[in-house]
Amino acid sequence: MKITGDQALVKKINKSLILHTIRKHAPLSRARVSEITGLNKATVSNLVAELCSEELVNEVGPGESSGGRKPLILHFNNRAGCVIGIELRVRQLTAVLCDLGGHVLQECEVDLENHHLPYVLEQMKRIIAELIGSAPDSHYGIVGIGVGVPGMVDEQGVVLFAPNLGWEMVDLRGLLEQEFSVPVTIDNEANAGAQGELNFGAAQDVRHLLYISAGSGIGSGIIIGGELYKGARGYAGETGHMTIEAEGKPCSCGSRGCWELYASERTYDNPGLNLPARTTPELVRYALDQQEDTLRHFRTIGEYLGIGVTNLINSFNPELIVIGGALSEAEAWLGEPLRRVVAERTLPYHKQQLEITFSKLGSRGTVIGAGFTAVMHFLGHTRVTL
């Protein structure tokens with residue numbers, strides 16, 4: 001297939017390539033940008049000058065010289081603007097204010113008393129307004145809002161189905177853009193978490209990744225060949241609703257025996273369960289004090305996590321699995337039973353060179369990833385795929 005484009009498109013592609021090269025590899029010189037991108041030095045110099053005038057790139061220097069004049073060194077200007085990343089959980093709403101480089105400048109959290117849309121929307125508006133008010137002065141100001149939600153989302157930012165919230169066909173992007181007049185990106189919270197880990201966490205430079213978001217539910221962000229896989233219509237990754245008990249408990253999705261009923265924070269509400277608390281942060285504190293009921297329950301969750309992870313390993317053959325979400329804070333008690341079950345049940349060749357780790361970003365993975373998605377929307381990522 002021949003792909004053609006006018007000079008304006010070629011320039012846009014080259015400019016995006018240079019910007020993202022500087023963003024990922026800075027500090028570096030113009031000559032090094034030319035080497036990495038394969039673009040000639042004149043093109044690089046002209047487009048870097050434009051990026052500097054737009055305050056997306058800064059020049060400092062001089063750098064080290066291998067002979068001749070010392071080069072000026074290029075940096076991505078993280079402080080050119082800010083984004084807000086939000087994760088909508090079943091029990092909480094968490095949000096961060098980040099610069100364009102993913103550094104957290106401010107964060108806040110509120111508990112959710114119910115899932116009625118007007119109430120949740122009001123809490124989101126309040127927390128967004130608070131973060132906007134705390135943002136430092138910058139050239140572009142607030143350039144976007146990214147939101148991760150526990151459900152299926154279409155390309156227009158409509159939450160099609162979020163069973164744990166009881167939502168269907170909610171135009172969340174439209175509602176937030178109408179209120180704040182900035183671009184809003186909405187995605188499944190596991191996809192956002194995968195982006196966070198891929199760009200800032202444990203999965204940098206990984207080509208085949210499964211990110212498991214284990215919190216109030218379970219979802220998966222699937223990276224294949226370095227790209228986020230969303231499926232034929234954008235709904236891939238709802239692994240929390242794969243059946244692991246054929247005649248198991250009924251689930252809010254309409255099925256039975258779903259993985260997240262046995263391996264997520266939803267287990268805390270099981271009738272007859274004798275736990276000293278009903279949130280992961282509180283239970284972690286009890287586990288540190290060796291409270292036996294808490295330790296036993298974390299072991300059980302770890303084993304059930306291992307069963308679902310085994311199914312995903314046998315299906316996708318990844319090189320890395322990252323466990324993120326709220327339950328990643330309980331790694332000390334979940335890790336051993338999870339890895340033991342995987343070792344016992346996974347096909348032998350699928351285990352070779354496979355690594356299972358817990359998120360370096362902890363429970364922040366989704367909010368940072370949601371913010372990063374908003375950054376990418378602002379910066380643009382024009383390219384041609386052959």
For the side chain of [X] and the backbone of [Y], is there at least one donor-acceptor N/O pair under 3.5 Å apart?
{"X": "Ser34", "Y": "Leu39", "answer": "yes"}
{"X": "Ser264", "Y": "Glu260", "answer": "yes"}
{"X": "Ser134", "Y": "Leu131", "answer": "yes"}
{"X": "Thr300", "Y": "Arg296", "answer": "yes"}
{"X": "Thr267", "Y": "Ala263", "answer": "no"}
{"X": "Asn270", "Y": "Leu273", "answer": "no"}
{"X": "Arg207", "Y": "Gly225", "answer": "yes"}
{"X": "His208", "Y": "Gly226", "answer": "no"}
{"X": "Thr243", "Y": "Ala246", "answer": "no"}
{"X": "Asp154", "Y": "Val158", "answer": "yes"}

Common cluster, [X]/[Y], ILVMFWY with side-chain heavy-atom separation under 4.5 Å:
{"X": "Leu305", "Y": "Phe316", "value": "yes"}
{"X": "Leu354", "Y": "Tyr349", "value": "no"}
{"X": "Leu210", "Y": "Ile218", "value": "yes"}
{"X": "Phe200", "Y": "Phe76", "value": "yes"}

Could you walk me through whether Met124 and Leu172 pass the side-chain contact (heavy atoms from CB on, under 4.5 Å) test, one step at a time?
CA-CA 11 Å; Met124 294 184 76; Leu172 190 57; 4.2 Å; yes
Pairing donors with acceptors under 3.5 angstrom, does anything connect the side chains of [X] and [Y]?
{"X": "Asn188", "Y": "Glu238", "result": "yes"}
{"X": "Ser213", "Y": "Glu189", "result": "yes"}
{"X": "Asn311", "Y": "Arg345", "result": "no"}
{"X": "Asp187", "Y": "Gln195", "result": "no"}
{"X": "Thr94", "Y": "Glu107", "result": "no"}

Take atom [atom1] of [X] as the centre, draw a 6.0 Å sphere, and report whether it contains more than 12 heavy atoms from other residues, nucleotides or ligands.
{"X": "Lys11", "atom1": "NZ", "result": "no"}
{"X": "Asn114", "atom1": "CG", "result": "yes"}
{"X": "Gln178", "atom1": "CD", "result": "no"}
{"X": "His350", "atom1": "NE2", "result": "yes"}
{"X": "His25", "atom1": "NE2", "result": "yes"}

Minimal non-hydrogen separation, [X] against [Y], with atom names:
{"X": "Ala192", "Y": "Ala370", "answer": "CB-N, 3.8 Å"}
{"X": "Leu320", "Y": "Ala202", "answer": "CD2-O, 3.7 Å"}
{"X": "Trp167", "Y": "His115", "answer": "NE1-O, 2.8 Å"}
{"X": "Ala26", "Y": "Leu28", "answer": "CA-CD2, 3.6 Å"}
{"X": "Tyr211", "Y": "Gly193", "answer": "CE2-CA, 3.5 Å"}
{"X": "Cys258", "Y": "Cys253", "answer": "SG-SG, 3.7 Å"}

Hey, is [X] close enough to [Y] for a salt bridge, meaning N to O under 4.0 Å?
{"X": "Glu155", "Y": "Arg233", "result": "no"}
{"X": "Glu122", "Y": "Lys125", "result": "no"}
{"X": "Asp269", "Y": "Arg91", "result": "yes"}

Please state whether the rings of Trp333 and Phe298 are parallel, tilted or perpendicular, taking 30° and 60° as the class boundaries.
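Answer is parallel, since the angle falls under 30°.
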Is the shortest heavy-atom distance from the side chain of [X] to the side chain of [Y] under 4.5 Å?
{"X": "Arg32", "Y": "Ile36", "answer": "yes"}
{"X": "Thr366", "Y": "Leu361", "answer": "no"}
{"X": "Leu74", "Y": "Val48", "answer": "yes"}
{"X": "Tyr229", "Y": "Leu209", "answer": "no"}
{"X": "Ile222", "Y": "Leu228", "answer": "no"}
{"X": "Glu177", "Y": "Val182", "answer": "no"}
{"X": "Thr294", "Y": "Pro276", "answer": "yes"}
{"X": "Ile84", "Y": "Phe180", "answer": "no"}

Enter the distance from [X]:[atom1] to [Y]:[atom2] here, rounded to the nearest 0.5 Å.
{"X": "Glu329", "Y": "Arg364", "atom1": "CD", "atom2": "CZ", "value": "10.0 Å"}
{"X": "Leu17", "Y": "Ile22", "atom1": "CG", "atom2": "CD1", "value": "10.0 Å"}
{"X": "Leu327", "Y": "Glu265", "atom1": "CG", "atom2": "CD", "value": "5.0 Å"}
{"X": "Glu245", "Y": "Glu247", "atom1": "CD", "atom2": "CD", "value": "10.0 Å"}
{"X": "Ile73", "Y": "Glu59", "atom1": "CD1", "atom2": "CD", "value": "10.0 Å"}
{"X": "Gln92", "Y": "Glu109", "atom1": "CD", "atom2": "CD", "value": "5.0 Å"}

Phe372: which of Leu100, Asn199, Leu198, Val83 passes side chain to side chain contact (heavy atoms under 4.5 Å, CB included)
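It is Asn199; the other options fail the test.
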Please table the atom pairs, donor to acceptor, closer than 3.5 Å between any side-chain atom in residues 336-343 and protein atoms at least two apart or in another chain.
residue, atom, partner, partner atom, Å
Glu336, OE2, Arg340, NE, 3.3
Arg339, NH2, Ile356, O, 2.9
Arg340, NH2, Glu303, OE2, 3.2

Just checking Phe378 against Tyr140, ring centres under 6.0 Å apart?
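That pair passes the under 6.0 Å test.
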Please evaluate residues Ser328 and Glu331 with respect to the criterion side chain to side chain donor-acceptor pair (under 3.5 Å), reporting the C-alpha separation (whole Å), side-chain torsions for both, the decisive distance (0.1 Å), and the verdict.
CA-CA 5 Å; Ser328 66; Glu331 173 185 2; over 6 Å; no
Would you check, one step at a time, whether the test side-chain contact (heavy atoms from CB on, under 4.5 Å) holds for Glu197 with Ser359?
CA-CA 7 Å; Glu197 290 297 331; Ser359 171; 2.2 Å; yes
As a quick check of understanding, evaluate side-chain contact (heavy atoms from CB on, under 4.5 Å) for Asn40 and Thr43, giving each step before the final call.
CA-CA 6 Å; Asn40 67 58; Thr43 298; 3.0 Å; yes
What do the steps show when you test Glu179 against Ile128 for side-chain contact (heavy atoms from CB on, under 4.5 Å), and what is the final call?
CA-CA 10 Å; Glu179 178 72 17; Ile128 291 169; over 6 Å; no
Check whether NZ of the Lys or CZ of the Arg Lys249 lies under 6.0 Å from the centre of the six-membered ring of Tyr262 and within 45 degrees of that ring's axis.
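So Lys249 does make the cation-pi contact.
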